Amino acid sequence: MSEQKSEIVCLHATVEGRVQGVGYRAFVEAIAYDLRLRGWVRNRWEGSVEVVAEGERPTLERLLAALQRGPSASNVTNVQVEWLPATAEFTHFSVRMTS
């Protein structure tokens, strides 16, 4: 009996609210590391945080729940979500420069 492996997909999320200057990127990086996801997180100039992560959909759903919650100092007001095909271009999860 063979175990069926879940398809790898990409989560692209833009998180709005009080999400800069509150440890949000470090929070996302730690969770993504624990979940063994690949991708990146970065601040955006207009005040949001952008996340791109690849992995199995159920694992990405766990990341998404954390994005909606945020660290204790944050106040997430909206998370825009886009599900995309995985590109397999990432080898780890990192914090990127503001864009």
Side-chain angles (χ1 to χ4, degrees):
M1 189 162 59
S2 67
E3 185 178 309
Q4 187 175 9
K5 189 165 170 84
S6 295
E7 181 183 3
I8 303 298
V9 295
C10 178
L11 167 67
H12 178 224
T14 302
V15 186
E16 300 169 338
R18 188 167 151 231
V19 293
Q20 291 191 11
V22 294
Y24 197 92
R25 289 176 300 164
F27 168 82
V28 173
E29 183 181 33
I31 290 172
Y33 179 82
D34 288 346
L35 294 175
R36 298 184 180 153
L37 297 171
R38 294 163 306 282
W40 51 264
V41 59
R42 69 179 170 196
N43 284 343
R44 299 293 308 261
W45 288 113
E46 90 294 43
S48 67
V49 171
E50 183 178 16
V51 179
V52 172
E54 291 187 351
E56 295 180 353
R57 176 84 183 232
T59 307
L60 291 170
E61 295 279 1
R62 291 174 59 194
L63 175 65
L64 180 56
L67 295 178
Q68 293 166 334
R69 182 178 69 246
S72 59
S74 71
N75 180 23
V76 176
T77 58
N78 186 41
V79 179
Q80 297 175 29
V81 177
E82 185 177 14
W83 294 99
L84 304 165
T87 63
E89 66 185 280
F90 311 113
T91 58
H92 62 286
F93 198 91
S94 63
V95 175
R96 287 194 174 175
M97 298 294 292
T98 300
S99 169

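Residue numbers start at 1 and run along the sequence shown. In this text the structure is predicted, and so the values were computed from the model without any measurement. As a basis for the values below, the full set of heavy atoms in this structure was taken, side chains included, without hydrogen atoms, waters or symmetry mates.
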Quick one: list whatever passes salt bridge (Lys or Arg N to Asp or Glu O under 4.0 Å) with [X], sequence neighbours left out.
X: E16; result: none
X: R57; result: E61
X: R44; result: E50

Atom [atom1] in [X], atom [atom2] in [Y]: separation rounded to 0.5 Å?
X: T59; Y: L64; atom1: OG1; atom2: CG; value: 12.5 Å
X: S94; Y: R25; atom1: OG; atom2: CZ; value: 11.0 Å
X: R42; Y: M97; atom1: CZ; atom2: CE; value: 11.0 Å
X: Q20; Y: S74; atom1: CD; atom2: OG; value: 12.0 Å
X: T14; Y: H12; atom1: OG1; atom2: NE2; value: 4.5 Å
X: S48; Y: Q80; atom1: OG; atom2: CD; value: 8.0 Å

Within a strict 4.5 Å, meaning less than it, do heavy atoms of the [X] and [Y] side chains meet?
X: V28; Y: F93; answer: yes
X: E56; Y: I8; answer: yes
X: T91; Y: R38; answer: no

Closest heavy-atom contact between [X] and [Y]?
X: A53; Y: L63; answer: CB-CD2, 3.7 Å
X: A13; Y: V79; answer: CB-CG1, 4.1 Å
X: P85; Y: C10; answer: O-CB, 3.7 Å
X: Q68; Y: V76; answer: O-CB, 3.5 Å

Review point. Side chain of Y24, backbone of L67: donor and acceptor closer than 3.5 Å?
Key: yes
Exercise for review: Ignoring hydrogens and angles, tell me if any N or O in the side chain of E54 forms a donor-acceptor pair with the backbone of T87 under 3.5 Å.
Suggested key: yes
Exercise for review: Report, as yes or no, whether the 6.0 Å neighbourhood of atom CZ on R36 holds more than 12 heavy atoms from other residues, nucleotides or ligands.
Suggested key: no
Given the rule that I, L, V, M, F, W and Y join up when any side-chain heavy atoms are under 4.5 Å apart, are [X] and [Y] in one cluster?
X: I31; Y: V49; answer: yes
X: V95; Y: L37; answer: yes
X: L60; Y: V52; answer: no

